[in-house]
Amino acid sequence: MASRQITFAEVCEHKTEESLWIVIDNKVYDVTKFLTEHPGGDEVLLTEACKDATEPFEDVGHSEDARETLKTFFIGDLADPENMPKSGKKASDMMGANPGGSPPLIVIVAIAAVAAYFIYNHYVKK
């Protein structure tokens, strides 16, 4: 039996906590009942509504158990994948984001190390 064909427009009608469908590898999943159980929180899933969530899903490195769980939410295949935008960011990009605009810790540590070197050479070696 062929699976149900679901348009991207139809997927976008389901982007709330009351009804949430996501697309991974051109397959559509109704994850509404999983929102409260998702280990990463419901916001992670809600962020991927109405776009291609394949890259963020793969980027996180989900376990085989998670992939098996995902299969239980399958409702059909995406009929028109060419109409779907890609997700804006990878999960790893979001985790490494620097929202405050302050320099990353590694830059601060490097500057402190250089300053310590020059202070040591200037004051201790005299």
Side-chain angles (χ1 to χ4, degrees):
M1 180 170 111
S3 71
R4 176 179 170 197
Q5 296 294 300
I6 302 170
T7 65
F8 178 64
E10 188 177 358
V11 169
C12 288
E13 292 172 7
H14 302 271
K15 59 183 178 180
T16 67
E17 292 176 0
E18 290 76 34
S19 181
L20 180 63
W21 293 4
I22 60 170
V23 178
I24 298 172
D25 290 325
N26 296 326
K27 296 189 181 308
V28 181
Y29 301 92
D30 180 349
V31 294
T32 310
K33 293 180 181 174
F34 188 64
L35 281 172
T36 58
E37 298 173 33
H38 186 255
D42 61 352
E43 190 63 32
V44 174
L45 295 174
L46 288 164
T47 300
E48 296 308 321
C50 203
K51 57 187 147 185
D52 184 353
T54 304
E55 193 170 347
F57 179 82
E58 294 298 339
D59 190 50
V60 170
H62 284 91
S63 67
E64 282 304 313
D65 286 343
R67 292 173 187 279
E68 288 301 313
T69 299
L70 180 65
K71 289 178 185 178
T72 67
F73 300 111
F74 176 76
I75 57 172
D77 290 307
L78 190 64
D80 54 352
E82 67 280 355
N83 291 334
M84 183 178 53
K86 297 287 184 190
S87 178
K89 295 185 176 188
K90 291 191 232 174
S92 61
D93 293 343
M94 290 186 274
M95 288 188 276
N98 195 4
S102 59
L105 182 58
I106 189 76
V107 173
I108 295 169
V109 170
I111 292 170
V114 170
Y117 172 79
F118 283 110
I119 291 170
Y120 174 81
N121 280 327
H122 187 285
Y123 291 105
V124 177
K125 284 195 169 187
K126 283 192 170 186

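If you're wondering where the values come from, they're calculated on a predicted model, not measured in any experiment. Side-chain atoms are counted along with the backbone in the values below, which use heavy atoms only and exclude waters and symmetry mates. Here, residue 1 is the first one in the sequence, and each next residue gets the next number.
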* Structure fact -> Residue pairs meeting salt bridge (Lys or Arg N to Asp or Glu O under 4.0 Å), one or both in residues 65-83, sequence neighbours left out, come to K27-D77, E58-R67, E68-K71
* Asked: So, for T54 and D52, which heavy atoms are closest and what is the spacing to 0.1 Å?
  -> OG1-OD1, 2.6 Å
* Is a side-chain donor or acceptor of S3 paired with a backbone partner of G76 at a separation under 3.5 angstrom? -> no
* To do: Measure the shortest side-chain to side-chain distance between V44 and E48 over non-hydrogen atoms and say whether it is less than 4.5 angstrom.
  => no
* Asked: Who else is in the cluster with Y29 when I, L, V, M, F, W and Y are joined by side-chain contacts under 4.5 Å?
  -> L20, I22, I24, V31, F34, L35, L45, L46, F57, L70, F73, F74
* Please collect all salt bridge (Lys or Arg N to Asp or Glu O under 4.0 Å) contacts where either partner lies in residues 7-24, sequence neighbours excluded, each pair once. => R4-E10
* Does T7 have any side-chain hydrogen bond (donor to acceptor under 3.5 Å, both in side chains) partners at least two apart in sequence or in another chain, and if so, which? -> none
* **H14 versus S19, closest heavy-atom pair with distance** => ND1-OG, 2.6 Å
* Asked: In chain order, what residues pass the side-chain hydrogen bond (donor to acceptor under 3.5 Å, both in side chains) check against T69, with sequence neighbours excluded?
  -> none
* Atom CG in D30, atom OG1 in T72: separation rounded to 0.5 Å? -> 10.5 Å
* **disulfide (SG to SG under 2.5 Å) partners of residues 39-73, not counting sequence neighbours, each pair once** => C12-C50
